[in-house]
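See structure below.
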Amino acid sequence: MPVWSSLWQGSSGTPELQEKTLVIVKPDAVQRRLVGDVIQRFERRGFKLVGMKLLQADRDILDKHYHQLRQKPFYPALLAYMSSGPLVAMVWEGYNVVRSTRAMVGDTNSAEAKPGTIRGDFSMHVSRNVVHASDSVETAHREIGFWFHRHELVAWECGDREYTYGP
Ligand code: IDP
Ligand code: MG
């Protein structure tokens, strides 16, 4: 049986198709009116938007989100950057979404990010690199929990499913 046939069976209950990741359109990108460009890339790829909000991040959530970087010399500047204005937090769902999204976002250092990636197309410097994307399925699970209540995630069937995953 082709892999997609086995994935298709079970419909919305299929775990492979329900992988989720957190994407944040950072404050520099909101100021630069890039929210639509970022959303468009994930929509066109075929991923499903299951959560989205515009908010001003406070210190508490940023400390949780960037806990692993708290000893870095750039940490105070990172907090100032991420709280400099509103950001858009989103949850995208789909097959292999964590790894695919990281590839679409590009290298952390924008100067190294390949053209065609979000950072490679919209950003020059690591200190203003436009987007965040979770780096593993485990991280995504944790990060989504920081930014979203369970009831803010919407489980819905997308009508294009046969065209994005096959019969
Ligand atoms: P990632 O966003 O590609 O996962 P991380 O290493 O997890 O990269 O770093 C988180 C964020 O911290 C980066 O996206 C960037 O905003 C910021 N950052 C990382 N390294 C530097 C740096 O050397 N200078 C300034 N900011 C940095
Ligand atoms: Mg990271």
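Counting starts at 1 for both ligands and their atoms, following the listed order. Since this is a predicted model, take the numbers as computed values, not measurements.
At least one donor-acceptor pair under 3.5 Å links the side chain of Arg119 to the backbone N or O of Val131. Judged by distance alone, with hydrogens and angles left aside, the side-chain atoms of Thr164 form a donor-acceptor pair with the main-chain N or O of Arg161 at under 3.5 Å. At distances below 3.5 Å, at least one donor-acceptor pair connects side-chain atoms of Ser136 with backbone N or O atoms of Thr139. The backbone N or O of Gly116 sits less than 3.5 Å from a side-chain atom of Asp121, completing a donor-acceptor pair.
Using 4.0 Å as the threshold, Arg119 has a heavy atom nearer than that to some atom of ligand 1. The closest approach between a heavy atom of Val126 and any atom of ligand 1 is below 4.0 Å.
Looking at atom 13 (C) of ligand 1, its nearest protein heavy atom turns out to be Asn129 ND2, 3.5 Å. The nearest heavy-atom contact from the protein to atom 22 (C) of ligand 1 is Phe74 CD2, 3.4 Å. Given atom 10 (C) of ligand 1, the protein heavy atom at minimum distance is Leu69 CD1, 3.4 Å. When hydrogens are left out, the protein atom nearest atom 4 (O) of ligand 1 is Arg102 NH1, 2.8 Å; that is the closest non-hydrogen contact.
Identified under the salt bridge (charged side-chain N to carboxylate O under 4.0 Å, His left out) test for residues 68-82, with sequence neighbours left out: none.
Between Arg41 and Asp37 no salt bridge is recorded (no basic side-chain N to carboxylate O distance below 4.0 Å).
At a heavy-atom distance under 4.0 Å, atoms from both the backbone and the side chain of Thr108 approach ligand 1.
Taking every heavy atom of Lys26 and a limit of under 4.0 angstrom, the matching atoms of ligand 1 come to 13 (C), 14 (O), 15 (C), 16 (O). Ligand 1 places these atoms under 4.0 Å from at least one heavy atom of Leu78: 12 (O), 16 (O), 17 (C).
The other members of the hydrophobic cluster of Leu55, by chain and number, are Leu22, Ile24, Val50, Ile61, Leu62, Tyr66, Leu69, Phe74, Tyr75, Leu78, Leu79, Tyr81, Met82, Leu87, Val91, Ile144, Phe146, Trp147, Phe148, Leu153, Val154, Trp156 (side-chain heavy atoms under 4.5 Å, ILVMFWY only).
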